[in-house]
Enquirer: 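Take a look at the following structure, please.
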Amino acid sequence: LIFTGLQAQTPTAKERRLEGSTLYIQCPYTAQADSQHQKVWCHMREKRCEPLVETTEPSQYAYRTHATNGKVAIEDNPKRRTVSITMTNLQVEDSGTYYCAFRSYDNRYLPLKAISLTVFKELHKLELDSLSVQCPYSTGTKAWCRREGQTGYKVVVSTDYSSTWHNSKARVHRTLIQDDTQQRTVTITMQKLQVQDTGTYFCVLYRNSHLTPIMEVRLSVSKILAGTTLSGTAGTRQTTLSGNTPAPSSNVNTFILLSGVLSILFILALISMITLCVRRCKQLKRRGTRQAEDIYDKPEDIAQLDSTERMESPEDDSKDLKYITLNFKSRLSPEDPLYCNVEPSQTHRKPKDENVEYAIIALK
C-alpha cells in the first residue's frame with residue numbers, strides 16, 4: 001500500500017488526553033470518499049503509517065462497517081458520511097500522529113483527517129519524595145526539559161554532557177539522567193522534591209536541531225502537613241514510571257476505608273460489652289430472687305407468733321425467772337419440737353408417753 005498522500009498532510013487537530021482516558025473522534029468523508037471505500041485508522045511511525053484497525057472491503061461477502069482491534073475501534077456510518085474512532089485506556093506510548101484514511105480504487109490510502117495525539121502523566125507528590133521516569137526512544141540526544149511559558153522549554157539535564165560519554169549518566173543539582181543504550185530507554189530521577197518543582201516536564205529528543213517530545217509529565221508537589229511522619233529517611237520514597245505504568249492514585253480512599261473499618265469494630269465491641277453487662281445483671285438478679293424464694297417458700301411450716309403476754313413473776317423473785325405464753329397461728333405437728341422454760345419442781349421424774357428432754361440453763 002502507498003501512504004504518500006498521508007505523509008504530505010500535516011495534522012489538522014491536536015488532542016491531549018490524560019493517561020488512562022479515552023479518545024473519541026469523528027472523521028467526515030471528503031468529496032472523493034464514499035461508502036464503497038475501505039476505511040482505516042493508522043499510526044505514523046518512522047515515516048510509515050501502520051494500520052491499527054480497518055473495515056472490510058464492500059465487495060467481500062462479510063462486509064463490516066464496524067471493526068475492533070484490542071483497545072481501538074472503528075465504525076463507518078455511510079448515512080452520515082462519517083468514520084468514528086475510539087481508543088480506550090490511553091498510555092504515554094500512544095502519543096503520536098494518526099490518520100483517518102480510505103483506500104482508493106488504485107490501492108492508495110488517502111487521508112480524511114490527521115490528528116496529533118499527546119498522552120501525558122499527572123503525578124501528585126509530597127516534599128522530599130523522589131520521582132523516576134523512564135522514556136523509550138529511538139535515536140538522538142536525550143534531555144529532560146521543563147516548560148517555560150506557553151511554548152518555551154528549559155533544559156534541566158541532558159545526555160550531551162561530557163560525563164555521559166563514559167558512563168551514560170549526568171547530574172544537575174537534584175536531577176539525574178541515565179541512558180540505557182541497550183534497552184533504548186532513558187531514565188530521569190528527581191530527588192528531594194520541593195514545592196517549586198511543580199510544573200510540566202518533557203522527555204525530548206534532539207534530531208537535526210529539532211526538538212521532539214517523547215513523554216509529558218505534569219508534576220504537582222505539595223507541602224508536608226504538620227504531624228505527617230515520613231517512613232525511613234527523607235527522600236527514600238520513590239515512584240518509578242515507565243511508558244506503560246499508570247500514575248499512582250491518592251491514599252485518601254485507603255485512609256477513609258481503614259477509618260470506616262475501625263469505627264465498625266469499635267461499635268461492635270461496645271455493643272458486646274453492653275450485652276455482657278446486661279446479661280450479668282440479670283443473672284445476679286435471678287440468683288437473688290431464687291435465694292429469697294428458698295427462704296420464704298414454705299411459710300406454713302414455720303410457727304408464727306400471734307401474740308405475746310407478759311405474766312406475773314412467781315413469789316420467789318430471787319430466781320429471776322420470767323414467763324411468757326406463745327400462741328401459734330398454725331397447727332404444730334407432733335413431730336415439730338416445742339421449747340419452754342419450767343421450774344425444776346415442775347419436771348416429771350419419769351415422764352409417761354412423752355418424748356421430753358430437759359436441760360438446765362445457768363446464767364453467770
Enquirer: Any side-chain heavy atom of His37 within less than 4.5 Å of one from Arg103?
Expert: no
Enquirer: If you take all heavy atoms of Ile85 and Cys100, which pair is closest and at what distance?
Expert: CG1-SG, 3.7 Å
Enquirer: Side-chain donor-acceptor pair under 3.5 Å between Tyr109 and Gln38, yes or no?
Expert: no
Enquirer: Charged N to carboxylate O below 4.0 Å: is that the case for Glu50 and Arg48?
Expert: no
Enquirer: Quick one about Gln91 and Asn89 (side-chain donor to acceptor, distance below 3.5 Å, no hydrogens or angles considered), yes or no?
Expert: yes
Enquirer: Is the closest side-chain heavy-atom distance between Ile177 and Val186 below 4.5 Å?
Expert: yes
Enquirer: Mind listing the closest non-hydrogen atom pair of Ala73 and Thr68 along with its distance?
Expert: CB-OG1, 3.9 Å
Enquirer: Would Leu205 and Ile214 count as a side chain to side chain contact (heavy atoms under 4.5 Å, CB included) if you check the C-alpha gap in whole Å, the side-chain angles of each, and the deciding distance to 0.1 Å?
Expert: CA-CA 7 Å; Leu205 288 178; Ile214 304 174; 3.3 Å; yes
Enquirer: Evaluate the ring planes of Trp41 and Tyr98, with Trp represented by its six-membered ring, and classify them as parallel (under 30°), tilted (30 to 60°) or perpendicular (over 60°).
Expert: parallel
Enquirer: Is a salt bridge present between Asp34 and Arg81, judged by a nitrogen-to-oxygen distance below 4.0 Å?
Expert: no
Enquirer: Compare every heavy atom of Ile188 with every heavy atom of Cys135, then report the nearest pair and how far apart it is.
Expert: SG-CD1, 4.4 Å
Enquirer: Do Tyr29 and Asp76 have side-chain N/O donor and acceptor atoms under 3.5 Å apart?
Expert: yes
Enquirer: How many angstroms lie between OG1 in Thr200 and CG in Leu219, if you round to the nearest 0.5 Å?
Expert: 9.0 Å
Enquirer: Output the distance between atom OG1 (Thr30) and atom NZ (Lys113), rounded to the nearest 0.5 Å.
Expert: 13.5 Å
Enquirer: Can Val278 be reached from Leu270 by stepping across I, L, V, M, F, W or Y side chains whose heavy atoms are under 4.5 Å apart?
Expert: yes
Enquirer: Verify salt bridge (Lys or Arg N to Asp or Glu O under 4.0 Å) between Asp94 and Lys71, making sure each step is shown before the conclusion.
Expert: CA-CA 11 Å; Asp94 294 327; Lys71 61 181 183 179; 2.7 Å; yes
Enquirer: Within a radius of less than 6.0 Å around CD of Gln196, do more than 12 heavy atoms belonging to other residues, nucleotides or ligands occur?
Expert: yes
Enquirer: Between Tyr201 and Trp144, is the ring-ring contact (aromatic ring centres under 6.0 Å, His included) condition met? List the steps.
Expert: CA-CA 7 Å; Tyr201 294 84; Trp144 179 248; 5.3 Å; yes
Enquirer: Give a yes or no answer on whether the side chain of Ser95 reaches the backbone of Val119 with a donor-acceptor pair at less than 3.5 Å.
Expert: yes
Enquirer: Test Val53 against Val40 for side chain to side chain contact (heavy atoms under 4.5 Å, CB included), laying out the working first.
Expert: CA-CA 6 Å; Val53 64; Val40 63; over 6 Å; no
Enquirer: Considering residues, nucleotides and ligands other than Arg80, do more than 12 of their heavy atoms fall under 6.0 Å from its CZ?
Expert: no
Enquirer: Would you say Met215 and Leu18 are hydrophobically clustered, going by side-chain heavy atoms of ILVMFWY under 4.5 Å?
Expert: no
Enquirer: So, do Ser158 and Thr141 sit near enough that their side-chain heavy atoms are less than 4.5 Å apart?
Expert: yes
Enquirer: Is the shortest side-chain N to carboxylate O distance from Glu127 to Lys192 below 4.0 Å?
Expert: no
Enquirer: With a 4.5 Å heavy-atom cut-off, do Val172 and Val156 have their side chains touching?
Expert: no
Enquirer: When you measure from the side chain of Ser84 to the backbone N and O of Ile74, does any donor-acceptor pair fall under 3.5 Å?
Expert: no
Enquirer: Can you hop from Leu176 to Phe202 via hydrophobic side chains spaced under 4.5 Å?
Expert: no
Enquirer: For the CE atom of Met273 and the CG atom of Leu268, what is their distance to the nearest 0.5 Å?
Expert: 13.5 Å
Enquirer: Heavy-atom distance under 4.5 Å between the side chains of Thr22 and Thr86, does that happen here?
Expert: yes
Enquirer: Out of curiosity, Arg286 CZ to Gln283 CD, how far, rounded to the nearest 0.5 Å?
Expert: 6.5 Å
Enquirer: Before you tell me yes or no, could you show the steps for Glu75 and Lys39 under salt bridge (Lys or Arg N to Asp or Glu O under 4.0 Å), namely the whole-Å CA-CA distance, both residues' side-chain angles and the distance that decides it to 0.1 Å?
Expert: CA-CA 9 Å; Glu75 183 176 4; Lys39 312 304 187 301; over 6 Å; no
Enquirer: May I ask you to test the Val157-Arg171 pair for a side-chain heavy-atom distance under 4.5 Å?
Expert: no
Enquirer: Judged by atom type as modelled, is there a donor-acceptor pair below 3.5 Å linking the side chain of Thr198 to the main-chain atoms of Val221?
Expert: yes
Enquirer: Kindly compute the distance separating CG (Leu276) from CD1 (Ile271), expressed to the nearest 0.5 Å.
Expert: 12.0 Å
Enquirer: Does NZ or CZ of Arg218 fall inside the cone over Phe120's six-membered ring, less than 6.0 Å from its centre and within 45° of the axis?
Expert: yes
Enquirer: Heavy-atom distance under 4.5 Å between the side chains of Arg17 and Leu117, does that happen here?
Expert: yes
Enquirer: Can you find a pair of side-chain heavy atoms, one from Val92 and one from Glu19, that are under 4.5 Å apart?
Expert: yes
Enquirer: Applying side chain to side chain contact (heavy atoms under 4.5 Å, CB included), run through Thr175 and Thr189 and close with a yes or a no.
Expert: CA-CA 6 Å; Thr175 305; Thr189 303; over 6 Å; no
Enquirer: When rounded to the nearest 0.5 angstrom, what is the spacing between CG in Asp197 and CG in Leu131?
Expert: 9.5 Å
Enquirer: Has Arg174 got a side-chain atom pairing as donor or acceptor with Gln191's backbone, closer than 3.5 angstrom?
Expert: yes
